[in-house]
Amino acid sequence: MKRVIVTGGTGLVGKGIEAALAHGDARDDEEWIFLSSKDGDLSDLEATRAIFAKHQPTHVIHLAAMVGGLFRNMKYNLDFLRVNMAINDNVLACAHEFKVEKVVSCLSTCIFPDKTTYPIDETMVHLGPPHSSNFGYSHAKRMVDVYNRAYHAQHGSKFTSVIPTNIYGPHDNFNIDDGHVIPGLIHKVYKAKAAGEKLTCWGSGTPLRQFIYSEDLGRLMIWALREYPEIDPIILSVDEAAEVSIRDVVHKVADAAGFSRDDVVFDTDKADGQFKKTAANTKLRKYLPDFKFTPIDEGIKRSVDWFFENYEQARK
Ligand code: NAP
Ligand code: GFB
């Protein structure tokens with residue numbers, strides 16, 4: 001029997017894993033435990049040790065992190081660095097101490113060098129400084145890859161990582177100041193509709209992003225835990241052709257919410273962040289050539305509907 005703990009299991013990605021398990025991916029020989037910060041603060045070593053002692057996991061999906069969109073990252077680079085370094089050090093140290101068979105940790109395509117060639121691939125994580133907007137978060141995440149290789153070299157541990165693109169879906173953090181673009185725009189369109197006001201998209205709308213729907217990522221992370229054999233990371237991304245501009249995204253959110261595109265305005269005094277981080281999913285396609293991603297229009301429609309139906313309870 002495998003006992004899998006999912007750190008940060010109550011967030012966007014944890015809920016995506018839960019949905020994938022509920023929709024056909026569950027197996028009888030696995031028990032899944034989804035943890036939140038209420039189960040213990042993973043930036044504290046003793047609290048982390050107590051969680052591992054209590055659950056005695058055989059496998060870990062490590063999601064817990066200080067997370068935020070562009071604007072939260074720009075404000076708190078030091079906190080992103082310190083908190084995430086502490087969480088990652090504690091979780092991997094306890095995974096080693098409690099003889100966990102396999103750990104899959106979650107990185108992000110924003111950690112790649114800013115000045116680079118495209119498309120980005122898994123070999124390029126450490127090839128230059130990340131974008132200045134989120135250098136704290138990026139360096140902490142890059143170190144997970146270093147830890148994984150060091151644990152493997154010194155102890156033979158099977159600790160690996162996945163690198164998703166921007167993620168969205170139900171149960172996201174819809175806080176307008178702290179969250180990512182899709183949940184931010186969904187919350188803003190809700191308010192704009194209610195108040196009869198314009199919908200303001202921050203920045204110029206020209207940056208390009210690849211977005212993965214949370215349940216698709218959940219399915220891929222379950223696969224990575226069960227099947228992915230490498231220590232080196234794997235990019236979990238939609239195809240390059242599915243990259244969209246932020247202008248496309250705000251229009252899709254407006255359409256899904258029944259809001260006129262003519263009432264969308266752009267606040268170009270706000271930052272754009274990194275222009276693009278186009279990632280190749282060649283490695284993923286080598287392992288899973290037939291994996292079908294949820295089309296972004298469908299994913300956005302589901303996310304908008306979820307927020308409008310769950311407005312009171314949604315994280316905002
Ligand atoms: P999220 O919705 O904000 O969830 C974060 C989770 O981490 C929550 O369960 C939270 O618990 C937990 N957590 C935070 N600080 C903790 C602490 N000190 N101790 C214990 N638990 C803690 O984040 P997400 O979007 O699902 O992100 C999951 C992973 O994906 C993260 O590693 C993130 O860096 C990565 N990622 C996210 C994106 C994206 O676009 N969202 C893109 C690429 C990679 P509470 O609910 O109790 O606070
Ligand atoms: O989602 P987002 O914060 O992530 O922003 P990043 C993406 C783009 O959307 C930027 C624009 O060009 C923003 O200017 N944008 C437009 C908005 N309206 C909004 C809005 O209402 N909210 C937000 N947040 N953006 C983050 C990193 O960067 O990506 C994190 O800072 C993290 O570290 C995450 O890894 C995946 O892709 O720019």
Side-chain angles (χ1 to χ4, degrees), residues 6-17 34-44 47-48 51 61-77 80 83-84 86-88 90-91 105-112 130-138 140-141 144 161-189 199-212 214 217-218 221 236-237 245-247 249-250 253 264 266-277 315:
V6 182
T7 72
T10 51
L12 169 67
V13 180
K15 291 290 181 190
I17 294 175
F34 293 85
L35 301 170
S36 83
S37 63
K38 293 184 193 71
D39 295 292
D41 177 1
L42 295 170
S43 67
D44 179 276
T48 309
I51 285 175
I61 291 188
H62 173 37
L63 305 175
M66 181 172 174
V67 179
L70 169 64
F71 298 93
R72 188 175 189 215
N73 271 272
M74 284 167 54
K75 271 192 279 185
Y76 301 115
N77 265 294
F80 273 93
V83 172
N84 289 325
I87 291 178
N88 297 335
N90 293 339
V91 168
S105 298
C106 194
L107 312 184
S108 169
T109 51
C110 69
I111 74 171
F112 283 105
H131 193 262
S132 57
S133 61
N134 58 12
F135 70 95
Y137 174 87
S138 298
K141 288 279 178 188
V144 172
S161 60
V162 296
I163 311 183
T165 59
N166 291 54
I167 309 159
Y168 70 105
H171 303 278
D172 210 335
N173 177 7
F174 291 86
N175 184 283
I176 291 173
D177 295 323
D178 290 346
H180 291 96
V181 58
I182 292 183
L185 289 172
I186 292 175
H187 193 171
K188 285 188 210 171
V189 81
L199 165 58
T200 305
C201 180
W202 291 341
S204 64
T206 56
L208 302 174
R209 295 289 183 271
Q210 289 156 301
F211 289 95
I212 183 167
S214 54
L217 178 60
M221 292 203 71
L236 301 182
S237 172
S245 72
I246 298 302
R247 178 180 292 272
V249 169
V250 68
V253 168
V264 173
F266 292 85
D267 179 354
T268 51
D269 289 339
K270 290 272 195 182
D272 270 343
Q274 203 162 4
F275 175 61
K276 65 176 186 174
K277 35 194 173 179
R315 240 188 321 161

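Whatever order the structure lists them in is the order used to number ligands and atoms, beginning at 1.
- Asp272 contributes no side-chain N or O that, together with a main-chain N or O of Gly203, makes up a donor-acceptor pair within less than 3.5 Å.
- Residue Lys277 places a heavy atom under 4.0 Å from ligand 2.
- Residue-to-ligand polar distances keep Ile176 apart from ligand 2: every N/O pair is separated by 3.5 Å or more.
- Ligand-side atoms of ligand 2 in range of Gly69: 3 (O), 31 (O), range being under 4.0 angstrom from any heavy atom.
- Remark: distances from the non-hydrogen atoms of Gly273 to ligand 2 are all 4.0 Å or more.
- Residue Val67 touches ligand 1 through its side chain alone, judged by heavy-atom distances below 4.0 Å.
- Taking every non-hydrogen atom of Leu12 and a distance limit under 4.0 Å, the qualifying atoms of ligand 1 come out as 2 (O), 25 (O), 26 (O), 41 (N).
- For atom 45 (P) of ligand 1, the nearest protein heavy atom (residue, atom name, distance) is Ser37 OG, 3.4 Å.
- Between Val13 and ligand 1, at least one N/O pair is under 3.5 Å apart.
- Using a 4.0 Å cutoff on heavy atoms, Tyr137 counts as a contact of ligand 1.
- For the pair Arg209 and Gly273, the tightest heavy-atom approach, listed with the atom from each and the gap, is NH2-C, 4.5 Å.
- Here the closest non-hydrogen pair linking Ala65 and Lys141 is CB-NZ, 3.9 Å.
- Using a 4.0 angstrom heavy-atom cutoff, His180 counts as in contact with ligand 1.
- Residues Tyr137 and Asn84 come closest through the heavy atom pair CD1-ND2, 3.7 Å.
- Comparing heavy-atom distances from atom 36 (N) of ligand 1 across Leu35, Val162, Ile51, Ile167 singles out Ile167 as nearest.
- Distances from ligand 1 to the non-hydrogen atoms of His62 include no value under 4.0 Å.
- Residue contact annotation: Gly179 has a non-hydrogen atom under 4.0 Å from ligand 2.
- Of all the atoms in ligand 1, the ones that sit under 4.0 Å from a non-hydrogen atom of Thr10 are 8 (C), 9 (O), 11 (O), 45 (P), 46 (O).
- Atom 29 (C) of ligand 1 has as its closest protein heavy atom Leu63 O, 3.4 Å.
- Close approach to Asp41 involves these atoms of ligand 1, each under 4.0 Å from a residue heavy atom: 17 (C), 18 (N), 19 (N).
- At distances below 3.5 Å, at least one donor-acceptor pair connects side-chain atoms of Asp39 with backbone N or O atoms of Ser36.
- Considering backbone and side-chain N/O of Asn166, none are found under 3.5 Å from N/O of ligand 1.
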Evaluate Ile176 against Lys188 for side-chain contact (heavy atoms from CB on, under 4.5 Å), listing each step before the verdict. CA-CA 7 Å; Ile176 291 173; Lys188 285 188 210 171; 3.7 Å; yes
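- Below 4.0 Å from some heavy atom of Thr165 lie the following atoms of ligand 1, by number and element: 42 (C), 43 (C).
- For the pair Ser214/Tyr168, no side-chain contact is recorded, criterion being any heavy-atom separation below 4.5 Å from C-beta on.
- For atom 14 (C) of ligand 1, the nearest non-hydrogen atom from the set Ala65, Gly11, Gly8 belongs to Ala65.
- Atom numbering of ligand 2 starts at 1 in the shown order; those under 4.0 Å from a heavy atom of Tyr137 are 33 (O), 35 (O).
- Annotation: Leu42 places an N or O atom under 3.5 Å from an N or O atom of ligand 1; distance criterion only.
- Heavy-atom separations between Cys201 and ligand 2 include at least one value shorter than 4.0 Å.
- Within the 4.5 Å cutoff, no side-chain heavy atoms of Lys276 are placed close to those of Pro207.
- Residue Lys188 approaches ligand 2 through these ligand atoms, each under 4.0 Å from one of its heavy atoms: 20 (C), 21 (O).
- Ligand 1 is never approached by Asp172 to a heavy-atom distance shorter than 4.0 Å.
- Not a single heavy atom of Lys270 lies less than 4.0 angstrom from ligand 2.
- At a 4.0 Å heavy-atom cut-off, ligand 1 touches Lys141 through the side chain alone.
- The option from Thr165, Val181, Thr109, Thr268 that lies nearest to atom 2 (P) of ligand 2, judged by heavy atoms, is Val181.
- The main-chain N or O of Met74 is never found under 3.5 Å from a side-chain atom of Ser133 such that the two would form a donor-acceptor pair.
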Take Ile17 and Leu217 through the test side-chain contact (heavy atoms from CB on, under 4.5 Å) and record every step on the way to the result. CA-CA 7 Å; Ile17 294 175; Leu217 178 60; over 6 Å; no
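- The shortest heavy-atom distance from Gln274 to ligand 2 is not under 4.0 Å.
- The shell of residues lying under 4.0 angstrom from ligand 1, judged by heavy atoms, excludes Asp39.
- Taking distance alone, with nitrogen or oxygen atoms compared against 3.5 Å, Phe71 stays at or beyond that limit from ligand 2.
- The closest side-chain heavy-atom distance from Asn73 to Phe80 is below 4.5 Å.
- Pro164 has its side chain out of reach of Thr109: every pair of non-hydrogen atoms, C-beta onward, lies at least 4.5 Å apart.
- Using a 4.0 Å cut-off to heavy atoms of Cys106, the atoms of ligand 1 that qualify are 29 (C), 30 (O), 32 (O), 35 (C).
- For the ligand labelled ligand 1, residue Gly68 lies outside the 4.0 Å heavy-atom shell.
- Each of the following atoms of ligand 1 lies closer than 4.0 Å to a heavy atom of Leu107: 43 (C), 44 (C).
- A heavy-atom separation below 4.0 Å is found between Gly68 and ligand 2.
- When every heavy atom of Val162 is checked against every heavy atom of Met221, the shortest pair comes out as CG2-CE, 3.6 Å.
- Checking Asn90, Val83, Thr48 one by one against Leu42, the side chain to side chain contact (heavy atoms under 4.5 Å, CB included) holds for a single residue, Thr48.
- Within the structure, ligand 1 lacks Asn173 among the residues with a heavy atom less than 4.0 angstrom away.
- Proximity annotation for atom 6 (P) of ligand 2: of His180, Arg209, Lys141, Arg209 comes nearest, heavy atoms only.
- Of all protein heavy atoms, the one closest to atom 20 (C) of ligand 1 is Gly40 O, 3.4 Å.
- Residue contact check for ligand 1: Arg315 places a non-hydrogen atom closer than 4.0 Å to it.
- At a heavy-atom cutoff of 4.0 Å, ligand 1 is contacted by no atom of Val83, backbone or side chain.
- Taking the side chain as every heavy atom from C-beta outward, His62 and Asn88 approach each other to under 4.5 Å.
- Of the N or O atoms in Pro207, none lie within a sub-3.5 Å distance of an N or O in ligand 2.
- Among Ala64, Ser43, Ala86, the residue whose heavy atom lies closest to atom 13 (N) of ligand 1 is Ala64.
- A distance-only check finds a donor-acceptor pair linking the side chain of Arg72 to the backbone of Val67 [under 3.5 Å].
- Taking the side chain as every heavy atom from C-beta outward, Leu185 and Val249 approach each other to under 4.5 Å.
- Here the side chain of Thr7 pairs a donor or acceptor atom with the backbone of Leu63 at under 3.5 angstrom.
- Around the OH atom of Tyr76, the shell of radius 6.0 Å holds no more than 12 heavy atoms that belong to other residues, nucleotides or ligands.
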